[in-house]
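Accompanying notes for the structure given below.
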Amino acid sequence: MYKQQDMDKTGTLDVTKKYPEEPSKKSNSKIYFFIIAIAALLATNVYFYVKFKSSGEKLYTIAIQKQDLQIEIDRIEAELDNLVSQKVAGVDSVMQASEIRAREAISELRTKLENQTISEEDMLVATREVARLKGDVSELRLALNELKARNEILQKENQTLSRKVSTTDKKVTALSQENIELKDKVNVASALKVSNIQVNGISVSKRGKIETESRARRVDQLQVLFSVADNTLTPKGNKEVFVRVIDPSGNLFGDASNMFYVHGEKLQYTFKETINFTNNGEEYQFLWSQEKFKKGAYTVLLYNDNAIMGRASVVLK
């Protein structure tokens, strides 16, 4: 449709001038709006897709890291259990404290890793703590190995020392036995021995006169005369002599409380006397009284220092 003003001055119509219709311009605006809206929606979808995809990848990564850390913690705990089970002697309080700290750290790490809301930063902290814990357990293992090596060295030294002590003990025992044997030999060699001994029956008159008597009914006492052989191994001085008197029936005269020892054996004696040994061959005399003597042989035995000095007998008629 052409308007009146579109004609030129000659009255002819100018067909070169055209005007678009109004509805066409509005349609184009709507199309541009829908295109922009669709583009914005696509951009939003792409943003959220990328964001959710990135978040999912992070969650997956964290889950893998948690699993790896838990496996590493299990290994560390197993190594710690193995170290403790070795029962190394001499483990000091410092090492025991290290074990306690390691156990506490393992427990804390397990609690953190079981938390479902653990963050990436928390995972980094946990990774560093696992690395530190691994180092602590390694140091504990080295310390225990060093202590074990020292204990082995000490054990070998103790075994060597024990062998030396055992050898020394055997030598000491042998020397002690030799000393005992030597002492016994010295005691035997130093024991007093009589060179002459004689037993007589005697009678004592009212005037005190002593006469030798062989008839039993007239005997008042038994006289023991003896001299001691010289012995340079025996020190001079007073010596106690124990006397045993046995009657013709084989019975010992003496009190039950009168006891002495000879080579560890307990014996009963009749009486005892003290002599002064001068190592000059002196003669000594002992007198023993009895209310009534009977016929037969009387035997007298002398003892000194757990050994017999000599013996002699007399026969009374």
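Computed over heavy atoms, backbone and side chain alike; hydrogens, waters and symmetry mates excluded.
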Between [X] and [Y], is any pair of side-chain heavy atoms under 4.5 Å apart?
X    : Y    : value
Q223 : V314 : no
I202 : L287 : yes
F260 : K272 : no
L192 : T234 : yes

If you measure from [atom1] on [X] to [atom2] on [Y], what distance do you get to the nearest 0.5 Å?
X    : Y    : atom1 : atom2 : value
K171 : S166 : NZ    : OG    : 11.0 Å
Q268 : R244 : CD    : CZ    : 7.5 Å
N231 : S195 : CG    : OG    : 12.0 Å
Q155 : L161 : CD    : CG    : 13.0 Å

Going hydrophobic residue to hydrophobic residue with side-chain gaps under 4.5 angstrom, can you get from [X] over to [Y]?
X    : Y    : answer
V245 : Y284 : yes
V224 : W288 : yes
I197 : Y303 : no
V194 : I275 : yes
V172 : V165 : no

Checking [Y] against [X]: is there a side-chain donor and acceptor pair closer than 3.5 Å?
X    : Y    : value
Q221 : S289 : yes
K294 : S249 : yes
Q198 : N200 : yes

- Item | Trace of the side-chain contact (heavy atoms from CB on, under 4.5 Å) decision for E240 with D305 | CA-CA 8 Å; E240 196 170 42; D305 285 342; over 6 Å; no
- Just by modelled atom types, is the L154 backbone N or O under 3.5 Å from a matching donor or acceptor in the N158 side chain?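 Checking the backbone N and O of L154 against the side chain of N158, a donor-acceptor pair under 3.5 Å is found.
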- Is the backbone of S203 close enough, under 3.5 Å, to the side chain of R218 for a donor and an acceptor to pair up by distance?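 Between the backbone of S203 and the side chain of R218 there is no qualifying donor-acceptor contact (under 3.5 Å).
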- Message: Suppose we call two aromatic rings close when their centres sit under 6.0 Å apart. Are F286 and F226 close by that rule?
- Response: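 For F286 and F226, the ring centres are under 6.0 Å apart.
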- Under 6.0 Å between the ring centres of F271 and F242?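 Judged by ring-centre distance (under 6.0 Å), F271 and F242 do not meet the cut-off.
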- Item | Sequence neighbours excluded - side-chain hydrogen bond (donor to acceptor under 3.5 Å, both in side chains) pairs with any residue from residues 308-317 |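 The answer is T299-S313.
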- Task: Mind running side-chain contact (heavy atoms from CB on, under 4.5 Å) on M259 and L267 for me, showing each step along the way?
- Result: CA-CA 6 Å; M259 306 298 293; L267 297 178; 5.9 Å; no
Using every non-hydrogen atom in the two residues, find where [X] and [Y] come nearest and quote the distance to one decimal.
X    : Y    : answer
E213 : L316 : O-CD2, 4.1 Å
S227 : G281 : CB-O, 4.1 Å
L252 : T270 : CD1-OG1, 3.7 Å
K193 : I308 : NZ-O, 2.8 Å
F253 : I246 : CE1-C, 4.4 Å

- Query: F293 vs Y298 aromatic rings, parallel, tilted or perpendicular, using cut-offs 30° and 60°?
  - Reply: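 Plane angle over 60°, so perpendicular.
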- Task: Using a strict cut-off of less than 4.0 Å between a Lys/Arg side-chain nitrogen and an Asp/Glu carboxylate oxygen, indicate whether E152 and R150 qualify as a salt bridge.
- Result: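 Here E152 does not pair with R150 in a salt bridge, since their nearest N and O are not under 4.0 Å apart.
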- Given F277 and N238, is the side-chain contact (heavy atoms from CB on, under 4.5 Å) satisfied, shown in steps? CA-CA 6 Å; F277 176 67; N238 292 332; over 6 Å; no
- Message: Are there over 12 heavy-atom neighbours, none belonging to Q285, within less than 6.0 Å of that residue's CD?
- Response: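 Counting other residues, nucleotides and ligands, CD of Q285 exceeds 12 neighbours.
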- Message: Set out, in order, the CA-CA distance, both residues' side-chain angles and the distance that settles side-chain contact (heavy atoms from CB on, under 4.5 Å) for L222 and Q290, then state yes or no.
- Response: CA-CA 8 Å; L222 288 182; Q290 183 72 6; over 6 Å; no
